[in-house]
Protein chains: 4
Amino acid sequence: MGIRERKERERERRRQQIIVAAKRVFSEKGFNKATMEDIAKEAELSPGTLYLYFKNKDELYASLSLRILQYLIIRLEHVNGNAELDSNQKIDALNEAMFDVYEFDPLIIINMFHLQSSETLKNLSDELLAEIEELSRKSLGAISNIFQEGIDDGVFVDKHPIALADIYWSLFSGVILWESSKKIINREKDYLKETLRIAFDVFSRGLKKNN
Amino acid sequence: MGIRERKERERERRRQQIIVAAKRVFSEKGFNKATMEDIAKEAELSPGTLYLYFKNKDELYASLSLRILQYLIIRLEHVNGNAELDSNQKIDALNEAMFDVYEFDPLIIINMFHLQSSETLKNLSDELLAEIEELSRKSLGAISNIFQEGIDDGVFVDKHPIALADIYWSLFSGVILWESSKKIINREKDYLKETLRIAFDVFSRGLKKNN
Amino acid sequence: MGIRERKERERERRRQQIIVAAKRVFSEKGFNKATMEDIAKEAELSPGTLYLYFKNKDELYASLSLRILQYLIIRLEHVNGNAELDSNQKIDALNEAMFDVYEFDPLIIINMFHLQSSETLKNLSDELLAEIEELSRKSLGAISNIFQEGIDDGVFVDKHPIALADIYWSLFSGVILWESSKKIINREKDYLKETLRIAFDVFSRGLKKNN
Amino acid sequence: MGIRERKERERERRRQQIIVAAKRVFSEKGFNKATMEDIAKEAELSPGTLYLYFKNKDELYASLSLRILQYLIIRLEHVNGNAELDSNQKIDALNEAMFDVYEFDPLIIINMFHLQSSETLKNLSDELLAEIEELSRKSLGAISNIFQEGIDDGVFVDKHPIALADIYWSLFSGVILWESSKKIINREKDYLKETLRIAFDVFSRGLKKNN
DNA sequence: TATGAATGAGCGTTCATTCAT
DNA sequence: GATGAATGAACGCTCATTCAT
């Protein structure tokens, strides 16, 4: 392993260290209340160091979404690649994968929509922006593939599979956002996971041609 | 019309003027990037004037959500009150109502989740908070009533109707949020409305016992 | 009584109404936390009206000091004019007068030093400034007269009577300020009046040649 | 000298730099008219930097009082600890100490009463508040000890020594406040010091049993 | 490379003052 | 004269970002 390579590896390690710290802090405080100093402290680094690895706060933030998308894609490709599953089983596997995504990082999804703001987007480098697009497209593509297969097999209703993928993702993140925001009208804990399960259930039923 | 009444009307006019301006600015920039001065400028007023009508930024913001909830409830009660509709027809009417809500104010829903933050809630007056809770409860209640009826009639799957209402709302707002955030991966316009329609369709199918 | 005179009288009545309200509000909140709107409300007038009678907040404030000085002067002249009292008795009478001043308006004295700030003074009209100077001089003069008499009679120590008057007033206001500020180290109530009494006592003893 | 120590020293230097600037600005403009930006400019720092060393404006302000109290206590303990002085000599020494306190920082005493406001106190950290209380108590205690001794020795009038200490402090600060506020009725300079001397003189005379 | 002290622009909010009615 | 809605300058404070070490 050359020096250059070792350096690169070290650099990546640092990046991950910061991302992990940022995730914790953003999750706890939300994007706006989390300060760069909070994150630096959590990462046991100085604020200045953060800027050696990320151009600015927005870009650090965006990197988090990247990470969860990467995890999601791995799970989805695993589902898609499993030739032994029929369409119905793949839907179940998809639902399970989404559950795992939620467990992997329950809170960051809530903040993921922060990226929406075009003001935020303006601060991102073109490379990062391209990467986000790429991963988003990839993950939605993987989901829509599952639906496409079911449609081709004649077991799913014949709707545009990309739209279905969008809807599926919307349902998933919508439930998480909404249930998390229910501090307003307090309800018992773990209600979220149960609701998520029902949501997947209803959606799956709606997807299938004959129930 | 007495002087008092005219004054009251004038005051309400100003409030609406501010709310309309705030809606535009919040929609464009999001809660945190929107400044009170932005809103004042948009309303062609001075910053100080905003505070004559709203206690603070949070409360101005919350007022926007109130407005759309009020509109939603009116529509929902109309659906619920119509004795001539069977359960299946009511679902259709519900979907139409939600469509109108979206058209009534397509952008504010995007930011509506900002209310979640307990930090935000802290700054709201008790009255406003109570009103938000009341309206939230009412609108979800109206939706769950429709589902309850269908379950009682034996035409809908037997799931907890309040959970179903939560999911329905999550799906609705989730799709709007997600599609609106798709500036990232630009797609043709009006795709949102079509997606929303498919989403309602799939959900309705999933809801019904026999397709 | 001519119309002009009646108007003038009416105008004076309003001024007093405002001054009384201002006294209450300034006493309760202090100069800086008291707003013109607070005072207007207390006077059951509108903020704009206050400016018909007083050039600005500073000038309204200064008028309060004027009023207490006027009361003080009346009391002092009464003491000085009483030919039946010898020097020792006049000191006692002086002390009593100061007690009454304190009771007349215990709190405003605390804020009276606000006038010190040259920034404040800048906002006062020349007439008002002249009037304050005149009354200050007069009241201190009346006090120093009492001391002068005692010195001339050979019963008081031979110090500069104007300096003594300054010291006497300093002691008086110093005790009030200090005791009022003792929220820091809380002590039992009415301690102030007792302390004031001891202060006068010690000062009087120090003033007299033979004890 | 270790790095840590050098840093600590540097930090203390900055604090003093700010305190000195704040003293000048507060003295000139009073607490309320002095802005943090004024102080920052005077200290040749940016506003943000002030907040690295002091939690807020109130706490910066309170630190000034702390400084003078610390100096006062040192002087007082020196007087109290000197076994060679009899009660009369201790009074003289006390008066000299107070003179030095005045010279040490003639202007800050003027504003020291600002601390009274419970609104101000609310913004202070518990530690700072405790420290202020502690130092106030200590300094008044030291003064009252001197009086107690004189009373025990039978040379001072038998009054409550704590009340006497309060009065002594009131007289001291009252004279400074009053004379400083005499910009209103301008008088020759150094009059203050002469007045202070007379004030101490009269008080001492009043304190002693036989003159 | 890493630091962390310093920056300074920016924001929410207040309130003395004005002026059209 | 009286009103009170509207103003807008001003302030305390925060925090993303920079840069000398």
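Worth knowing before you read on, the calculation uses all heavy atoms, side chains too, and leaves out hydrogens, waters and symmetry mates. Below, chains carry the letters A, B, ... as their sequence lines are ordered, and counting in each starts from 1.
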Asks: Round to a whole Å and report the spacing from CD1 of Ile39(B) to P of dT7(F).
Replies: 15 Å

Asks: What's the closest nucleotide to the side chain of Pro47(D) if the choices are dG8(E), dA16(F), dT17(F)?
Replies: dG8(E)

Asks: Does dA2(E) have OP1 or OP2 under 4.0 Å away from a side-chain N or O of Tyr53(A)?
Replies: yes

Asks: Which sits closer to the 5' end of DNA chain E, Asn56(C) or Lys7(D), going by the nucleotide each is nearest to?
Replies: Lys7(D)

Asks: Under 4.0 Å between a Lys/Arg side-chain N and an Asp/Glu carboxylate O for Glu28(A) and Arg24(A)?
Replies: no

Asks: Which atoms form the tightest heavy-atom contact between Lys29(B) and Ala34(B), and what is the distance?
Replies: CB-N, 3.9 Å

Asks: At under 4.0 Å, does any side-chain N or O of Ser46(B) touch on OP1 or OP2 of dA6(F)?
Replies: no

Asks: Taking any strand in view, what nucleotide pairs with dA5(E) in a Watson-Crick or G-U wobble way, both distances under 3.5 Å?
Replies: dT18(F)

Asks: Within the pair Arg14(B) and dA6(F), is there a side-chain N or O less than 4.0 Å away from OP1 or OP2?
Replies: yes

Asks: Is the shortest side-chain N to carboxylate O distance from Arg6(C) to Glu10(C) below 4.0 Å?
Replies: no

Asks: Mind checking Thr49(A) for me? I need base, sugar-phosphate or nothing, with any heavy atom below 4.0 Å counting as a touch.
Replies: base

Asks: Between atom CE in Met36(B) and atom C1' in dA9(F), what is the gap in whole Å?
Replies: 17 Å

Asks: Using atom NZ of Lys41(B) as one end and atom P of dG12(E) as the other, report the distance to the nearest whole Å.
Replies: 12 Å

Asks: How many Å lie between CZ on Arg15(D) and P on dA5(E), as a whole number?
Replies: 14 Å

Asks: How many Å lie between CG on Leu50(B) and C1' on dG8(F), as a whole number?
Replies: 12 Å

Asks: Grab the OH-C1' distance between Tyr61(A) and dT17(F) for me, whole Å please.
Replies: 20 Å

Asks: Are any non-hydrogen side-chain atoms of Arg13(B) and Arg9(B) less than 4.5 angstrom apart?
Replies: no

Asks: Which nucleotide, dT7(E), dT17(F), dT13(E), lies nearest any side-chain atom of Leu52(D)?
Replies: dT7(E)

Asks: What's the OH-C1' distance between Tyr51(C) and dT7(F), to the nearest Å?
Replies: 13 Å

Asks: What is the distance, to the nearest angstrom, from the NZ atom on Lys57(D) to the P atom on dC13(F)?
Replies: 8 Å

Asks: By the salt bridge (Lys or Arg N to Asp or Glu O under 4.0 Å) test, which pairs, at least two apart or in different chains, include something from residues 46-55 of chain D?
Replies: Lys55(D)-Glu59(D)

Asks: Between Glu44(C) and Glu37(A), name the one whose nearest nucleotide on DNA chain F is closer to the 5' end.
Replies: Glu44(C)

Asks: May I ask you to say what Ala40(B) touches in the nucleic acid, namely base, sugar-phosphate or nothing, with a heavy-atom cut-off under 4.0 Å?
Replies: nothing

